Amino acid sequence: MNAVPGRHRPPETNSSCVVSYLAVKANSEGAGVPLVVFGKHFGKYSATENCFVLFPPSTTMPVIVSEDGERPGGRLTVVPISHISTDVNHDHHSVTGRLVHKGPLVSSSIYDFILKAAIEEGNSSPQETSSINLVLLGALASDFSQFVNQGDVVTASGFLVSKSPTAQKDKRHACNLLLSGDQAFIHVLRSPPHDLTSPGQAKRKKRFPPAAVASPTKSTYVRIAELKPGAVVNVYGVVVFFKQPFKSRGSDFCYSLKITDQSQQNIVCTIFCPKLELLPQIFRIGDIVRLHRVKTKMYKDSLNLVNWFGFSALTFNGTVGAEMNPRTSSKTFHFTEEDRRIVTELRSWVAGRDLLPPDLTVPLSAAKPGMYFNLTCQLLAKAPVNITCTLLRVWDGTRCPHALLEVTVDADVVEGPRSFPEEHEKLIANVLVFDNHVQSVQQLKPGDFLRIFNLRAIAGCVKVPGLTSSQVGVLNHLSFHLHGGTAYGRGVRLLPDDSPEVQELKRLTEAVQDDTNINDSALWDVWKTPPETPEREASAEFRTGSTLQEARHLAATYRNVVPVRSSPGGHLAPLDLSAPFIFRGRKSFYGCKRCSKVAAITEPTADGDKTIDEKIIAEAFGIHLLKWVLVLEFRLQDAGGTLDAYLWRDAESFFNVLAEDAAADQEAQDRIQRTMDWICPPEGSAGERPWLDLCLAAYQTEDGENGKEQTSYQICHTSAPSHQHLQL
DNA sequence: GCTTAGGGTTTG
């Protein structure tokens with residue numbers, strides 16, 4: 001029995017509204033929209049291949065492919081495969097062999113992915129075991145699957161050794177090598193480029209990330225204490241201080257940071273760049289930076305570093321055990337085992353010491369009058385107060401124990417909703433940013449995730465701009481000021497959507513929205529704003545030309561987000577039905593292109609306390625709502641033979657999960673994954689898979705290519721074993 | 001090939 005996570009073809013049907021994958025297809029004809037499938041797997045529909053293709057689960061590159069003779073060096077000793085034993089400490093050992101077996105990439109609820117492989121030595125004596133199994137977990141497995149081919153010479157290090165359960169059967173080494181996490185490393189020696197002449201290989205080569213195909217150039221790094229004036233050097237360090245970048249009086253942005261390393265010295269680095277994105281992407285104290293080509297200069301009896309021609313930077317999370325994704329704007333960069341080692345050593349060196357200043361990032365719930373702190377938050381609305389001050393309305397999903405000061409601004413100048421449900425207002429902080437920061441928040445949009453550095457909580461301030469004489473600051477009501485200047489790293493920074501802190505913030509703010517029984521006043525505030533002039537439209541909400549991602553951002557803030565366009569006569573109309581016609585939290589809903597009769601929009605009404613939902617809005621638009629379905633293909637086997645059968649019509653009752661939830665909700669996806677892991681254990685052989693009583697129905701479909709009728713089968717009226725059963 | 005800033009709490 002085989003559930004195929006990667007490629008599905010939905011059963012053909014005459015039903016007019018077949019469902020998620022058709023919706024996916026329609027939606028992806030343009031830009032190609034990534035969608036969540038199961039667990040953390042992302043994919044998109046490929047129109048050319050008529051299938052759904054999964055993306056790798058991670059962008060980390062624990063697998064390094066090189067075309068020259070360089071091997072992972074450092075302090076690792078290459079040991080023969082026959083020397084591998086559970087009794088030996090292999091921390092500083094590596095093994096090398098040619099890849100003789102590469103198993104399929106198997107999805108796993110615990111590790112995301114598992115892949116089995118085997119390597120073989122060429123020069124061992126006949127008496128010795130010359131091949132050994134590798135078990136790769138997580139991102140390493142998916143990268144290996146993508147980039148490594150049979151015949152490649154593979155060097156593995158950072159492995160754990162365990163008994164091989166298949167040794168008797170496969171006659172390989174009695175142990176296998178388990179590779180996972182930050183320590184594990186695979187180096188692959190690829191045939192030289194002139195061998196890559198066949199079209200297939202050329203195509204494969206093109207798919208390698210730039211980091212993987214670049215020939216590694218050995219870089220040497222100087223410890224901070226050993227730096228001498230007047231040299232251009234490469235340096236690694238832990239960030240102990242950084243300012244937000246600011247515009248210099250010259251032609252560049254200026255970025256100032258201070259780093260330290262195991263030599264126990266600090267050094268200030270000043271980096272000038274014409275573009276913000278070229279600067280190191282430092283998010284917090286403790287991040288690790290790799291600076292290439294910086295020049296040492298004396299200033300007031302201290303040595304400084306300034307970027308020099310050919311400068312480039314990588315930044316890493318400084319936490320022990322965190323993913324080793326280098327942050328950089330460089331299109332190509334070298335990241336070798338040596339880098340991995342240096343970052344790992346710096347991480348553990350810092351972790352064992354009390355040398356970093358405390359991280360002042362606290363949630364709103366911990367804000368106290370008078371304190372300076374960093375706030376990670378989502379921007380909900382923005383408004384200019386005067387020429388030197390802008391109001392940011394933000395939240396982080398926590399509630400400040402102190403009452404928050406209300407700041408009133410002219411409704412016409414608010415970007416984002418003018419008001420929020422009362423339950424939400426209690427969670428929203430008013431942040432006033434002054435002077436140089438006014439410009440840096442100009443490009444921010446409602447929905448963005450930010451970190452505000454060195455924000456000051458101010459109680460009962462009567463001088464808050466935007467307050468009239470009747471609204472003087474109430475004693476102990478907190479407002480938040482971002483004072484002018486860059487002292488203490490003061491400033492605002494947009495956080496990338498994929499950063500862990502943003503994921504956590506989304507979880508908190510979504511939980512808040514689920515918990516509070518909000519009405520839809522914010523939506524209707526936006527909804528009822530008629531398109532007036534083009535200028536007004538451009539500055540108003542929904543957001544002319546907004547991307548799918550921006551719409552999803554907005555959806556995190558509102559109960560319902562309905563993308564519309566203006567139509568002749570000043571009416572509103574839904575977008576082309578290739579796009580979702582409504583976003584509700586993490587869920588998106590599509591309309592059927594064939595069955596919908598889109599009318600001029602009438603304002604939907606809800607009777608009594610009934611919540612306005614996708615059904616009411618679909619009705620108001622004349623949209624025939626598409627239903628999400630799960631589609632899985634099973635291969636069934638008994639003594640009589642095998643049969644392929646789909647599960648779709650009754651998939652929801654089979655898993656006891658709504659397809660709509662499975663499209664947006666991790667818990668629902670996990671439930672499906674647990675059931676599938678039981679039916680089809682990722683590690684188990686076919687003999688270990690359970691026997692199931694299934695009800696099958698045969699149905700006729702038309703073969704798309706030659707128009708002939710064919711018989712298909714689907715699983716119906718069947719439930720997967722209950723939860724209790726699965727936990728036994 | 002070499003200008004910029006050179007950390008260290010506020011007008012509000």
Side-chain angles (χ1 to χ4, degrees), chain A residues 229-232 237-260 265-276 278-280 282 284-285 289 293-311 356-358 360 367-375 383-392 405 407-409 430-438 441 452-469 471-473 477-492:
Chain A
V232 177
V238 181
V239 176
V240 293
F241 170 80
F242 66 109
K243 272 192 175 187
Q244 294 309 303
F246 59 96
K247 193 83 173 69
S248 74
R249 278 173 222 170
S251 58
D252 293 330
F253 285 95
C254 178
Y255 199 32
S256 182
L257 54 142
K258 188 188 269 184
I259 59 172
T260 188
Q265 295 268 331
N266 287 336
I267 192 162
V268 171
C269 316
T270 306
I271 298 165
F272 295 102
C273 274
K275 288 180 184 170
L276 277 173
L278 300 175
L279 296 168
I282 297 167
R284 60 170 70 231
I285 301 291
V289 285
R293 295 191 60 79
V294 281
K295 187 168 185 176
T296 50
K297 284 186 171 180
M298 289 301 291
Y299 176 74
K300 288 188 180 170
D301 297 332
S302 310
L303 205 55
N304 286 353
L305 292 171
V306 184
N307 59 312
W308 201 242
F309 300 100
F311 166 80
L356 296 181
L360 299 174
K368 294 185 177 61
M371 77 190 287
Y372 286 93
F373 66 109
N374 305 331
L375 179 66
V385 174
N386 59 43
I387 197 162
T388 64
C389 179
T390 294
L391 169 69
L392 304 181
L405 192 70
V407 178
T408 309
V409 290
N430 290 313
V431 174
L432 295 162
V433 307
F434 293 94
D435 302 341
N436 50 318
H437 310 300
V438 168
V441 300
I452 306 175
F453 292 86
N454 199 238
L455 188 60
R456 189 173 184 208
I458 295 186
C461 181
V462 294
K463 291 180 179 174
V464 170
L467 293 182
T468 64
S469 55
Q471 301 172 292
V472 289
H477 281 211
L478 283 189
S479 66
F480 299 91
H481 288 201
L482 186 67
H483 294 303
T486 62
Y488 283 88
R490 196 177 290 153
V492 181

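Please read all numbers here as calculations on a predicted model, not as lab measurements. Numbered from 1 within each chain, the chains take letters A, B, ... in sequence-line order.
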Distance in angstrom units between [X] [atom1] and [N] [atom2], rounded:
X        : N      : atom1 : atom2 : result
A/Arg490 : B/dT11 : CZ    : C1'   : 13 Å
A/Phe309 : B/dT4  : CZ    : P     : 14 Å
A/Tyr372 : B/dG8  : OH    : P     : 13 Å
A/Asn266 : B/dG6  : CG    : P     : 17 Å
A/Asn386 : B/dT11 : CG    : P     : 14 Å
A/Phe242 : B/dA5  : CZ    : P     : 21 Å
A/Asn436 : B/dG12 : CG    : P     : 16 Å
A/Ile271 : B/dG6  : CD1   : P     : 14 Å

Base, sugar-phosphate or nothing for [X]? Non-hydrogen atoms, less than 4.0 Å.
X        : value
A/Lys247 : nothing
A/Gly485 : nothing
A/Ser302 : nothing

OP1 or OP2 of [N] less than 4.0 angstrom from a side-chain nitrogen or oxygen of [X], does that happen here?
X        : N     : value
A/Lys297 : B/dA5 : no
A/Lys258 : B/dG6 : no
A/Arg249 : B/dA5 : yes

Assess whether side chain to side chain contact (heavy atoms under 4.5 Å, CB included) is satisfied between A/Val431 and A/Ile452, documenting all intermediate values.
CA-CA 10 Å; A/Val431 174; A/Ile452 306 175; 4.2 Å; yes
For A/Asp435 and for A/Asn454, find the nucleotide of DNA chain B with the closest heavy atom, then tell me which residue's nucleotide is more 5'.
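Taking each residue's closest nucleotide, the earlier one in sequence belongs to A/Asn454.
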Return the nearest nucleotide to the side chain of [X]; candidates are [options].
X        : options              : result
A/His483 : B/dT10, B/dA5, B/dG8 : B/dT10
A/Trp308 : B/dC2, B/dT10, B/dT3 : B/dC2
A/Lys295 : B/dA5, B/dG7, B/dC2  : B/dC2
A/Ala487 : B/dT4, B/dG6, B/dT9  : B/dT9
A/Ser248 : B/dG6, B/dT4, B/dC2  : B/dT4

Using the rule for Phe, Tyr, His and the six-membered ring of Trp, do [X] and [N] stack at under 5.5 Å and under 30°?
X        : N      : value
A/Phe434 : B/dT11 : no
A/Phe241 : B/dG7  : yes
A/Phe272 : B/dA5  : no

Can you find a donor-acceptor N/O pair under 3.5 angstrom joining the side chain of A/Arg456 to the base of B/dT9?
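Per atom types, no contact qualifies.
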Indicate the atoms forming the closest heavy-atom contact of A/Lys368 with A/Ala457, along with that distance.
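For A/Lys368 and A/Ala457, the tightest heavy-atom pair comes out as O-CB, 3.3 Å.
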In whole Å, measure the gap between the C1' atoms of B/dT10 and B/dG6 for me.
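My reading of the C1' atoms in B/dT10 and B/dG6 gives 22 Å.
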Any residue meeting side-chain hydrogen bond (donor to acceptor under 3.5 Å, both in side chains) with A/Asn304, in chain and number order, not counting sequence neighbours:
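Once residues adjacent in sequence are excluded, A/Asn304 has no partner under the side-chain hydrogen bond (donor to acceptor under 3.5 Å, both in side chains) criterion.
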Partners passing side-chain hydrogen bond (donor to acceptor under 3.5 Å, both in side chains) against A/Asn266 (at least two apart in sequence or in another chain):
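Residues passing side-chain hydrogen bond (donor to acceptor under 3.5 Å, both in side chains) with A/Asn266: A/Thr260.
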Chi-angle category of B/dG8 [syn within 90° of 0, anti beyond]:
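Syn, since the glycosidic angle lies within 90° of 0.
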What is the ring orientation for A/Tyr255 with A/Phe242, classed by angle as parallel under 30°, tilted 30 to 60°, or perpendicular over 60°?
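Answer is perpendicular, since the angle exceeds 60°.
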Taking A/Asn454's backbone N and O only, do any of them form a donor-acceptor pair with A/Asn374's side chain (distance below 3.5 Å, no angle check)?
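A pair under 3.5 Å: yes.
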